[in-house]
Amino acid sequence: MQWAARIEDLRKDYVLKSETVHALRGVSFDVPRGDYVAIMGPSGSGKSTLLNLLGCLDRPTSGRLLLGDDDVAQLDDDSLSHIRASRIGFIFQSYNLIPQLTVLENIEVPLYYQGRITRDDKRRCEELATMVGLGDRLQHRPAQLSGGQQQRVAIARSLINDPYFLLADEATGNLDTVTTEEILSIFERLNQEGRTIIMVTHEDEVAAVAKRTIRLRDGHIQSDERQR
Ligand code: ADP
Ligand code: MG
C-alpha cells in the first residue's frame, strides 16, 4: 500500500433547517505514505470538516475516501469506529487527556477498544513515553504536567496503534514558541521514520516545517504545493 489516503471529489454538506452548508465542494488529493501535510485556510474554509472525514469521525456526503484499501464512505458505523480506534492517531489543540489517569494509562487508552492489554502493550506504552521524553514521568497525572508535556503524552497515545497517519488539529495552538518547536521536532522525527502526518494550522511558521501545504478556501482546494 503506497497511499496513506486517497480522496476523490469529496463533498460534505451540512443540512440545516433553513439552509444547506456546502462545507467541502469537491476536494481531491492523494497522501502518499510518509507525507507531511499542512492544511491551511481561513476560518470556515472546511479544514476541520476535512480532518474529521480523514479521521472517520464523520461521513462524506459524496465522493471517495480511501484509507489503505478501505473506502471509508462505504463502511457501516461499526467498521468506521473500528478504523478510527485502531488506525487513526489524533492530536488535538486541547490535548484531550483523561485527568484521572497517569501518563502511562493515558497512552494505553486506545488499546481499551481492542480488548485485553498485554505485557507487550505495557512495554510499548513505556517505550513511547520515553520516545517523547517522558520516561521519568510515567506515574504523573495531566495536571502535574506542563502543556508541552501533556501534548507529548497525546502524541505517544496517538502512536500506540501504529496508525495510518497522525491527524493534528492546531496541535501547537496553545503552546509557546519554544514548546511549539519541541513538538514540531518530534513530528519531524516521526515523519523521518516514515510516519504520515496531516496537520491543520493557521501559523505560517508551523506550516513551513511540513513537506506540503494544502490551502482551502470556501470548501475548495485553492493551492496544493510542495515546499522547496
Ligand atoms: P474551518 O475548520 O476551516 O474553520 P469548518 O470545517 O469547521 O471550517 O467549517 C466549514 C463550514 O461548515 C463553515 O461554514 C461551518 O459553519 C460549517 N459547519 C461546520 N460544522 C458544521 C456542522 N456540524 N453543522 C453545520 N454546519 C457546520
Ligand atoms: Mg476548524
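We number each residue from 1, following the sequence as shown. Read the numbers this way: they start at 1 and go in the same order the structure lists the ligands and their atoms.
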Is the closest side-chain donor-acceptor distance between Asp121 and Thr118 under 3.5 Å? yes
Among side-chain atoms of Ser94 and Asn96, is any donor-acceptor pair under 3.5 angstrom? yes
Heavy atom of Pro42 under 4.0 Å from ligand 1? yes
For the Mg ion (ligand 2): protein N/O/S atoms at distances below 2.8 Å: 1
Using a strict 4.0 Å cut-off to heavy atoms of Leu16, name the atoms of ligand 1 that fall inside it. 25 (C)
Within ligand 1, which atoms have a heavy atom of Ser45 less than 4.0 Å away? 1 (P), 3 (O), 8 (O)
Please write down residue, atom name and distance for the protein heavy atom closest to [atom].
| atom | answer |
| --- | --- |
| atom 27 (C) of ligand 1 | Tyr14 CD1, 3.2 Å |
| atom 9 (O) of ligand 1 | Thr49 OG1, 3.9 Å |
| atom 7 (O) of ligand 1 | Ser48 CB, 3.7 Å |

Should Gly44 be counted as touching ligand 1, given the test is an N or O pair under 3.5 Å? yes
N/O of Gly46 under 3.5 Å from N/O of ligand 1, yes or no? yes
Regarding [X] and [Y], does a basic nitrogen lie under 4.0 Å from an acidic carboxylate oxygen?
| X | Y | result |
| --- | --- | --- |
| Arg59 | Asp77 | yes |
| Arg124 | Asp162 | no |
| Glu127 | Arg123 | yes |
| Lys211 | Asp35 | no |
| Glu108 | Lys122 | yes |
| Glu225 | Arg215 | no |
| Arg64 | Asp9 | no |

Heavy-atom distance from atom 22 (C) of ligand 1 to the protein below 4.0 Å? yes
Got a donor-acceptor contact below 3.5 angstrom from the Asn161 side chain to the Ala85 backbone? yes
Applying a heavy-atom cut-off of 4.0 Å, say which part of Leu216 lies close to ligand 1: side chain, backbone, both or neither. neither
Between Val21 and ligand 1, find which residue part has any heavy-atom pair under 4.0 Å and reply side chain, backbone, both or neither. side chain
Going by the ring pair (Phe, Tyr, Trp, His ring centres under 6.0 Å) test, which pairs reach into residues 68-110, not counting sequence neighbours? Phe90-Phe92
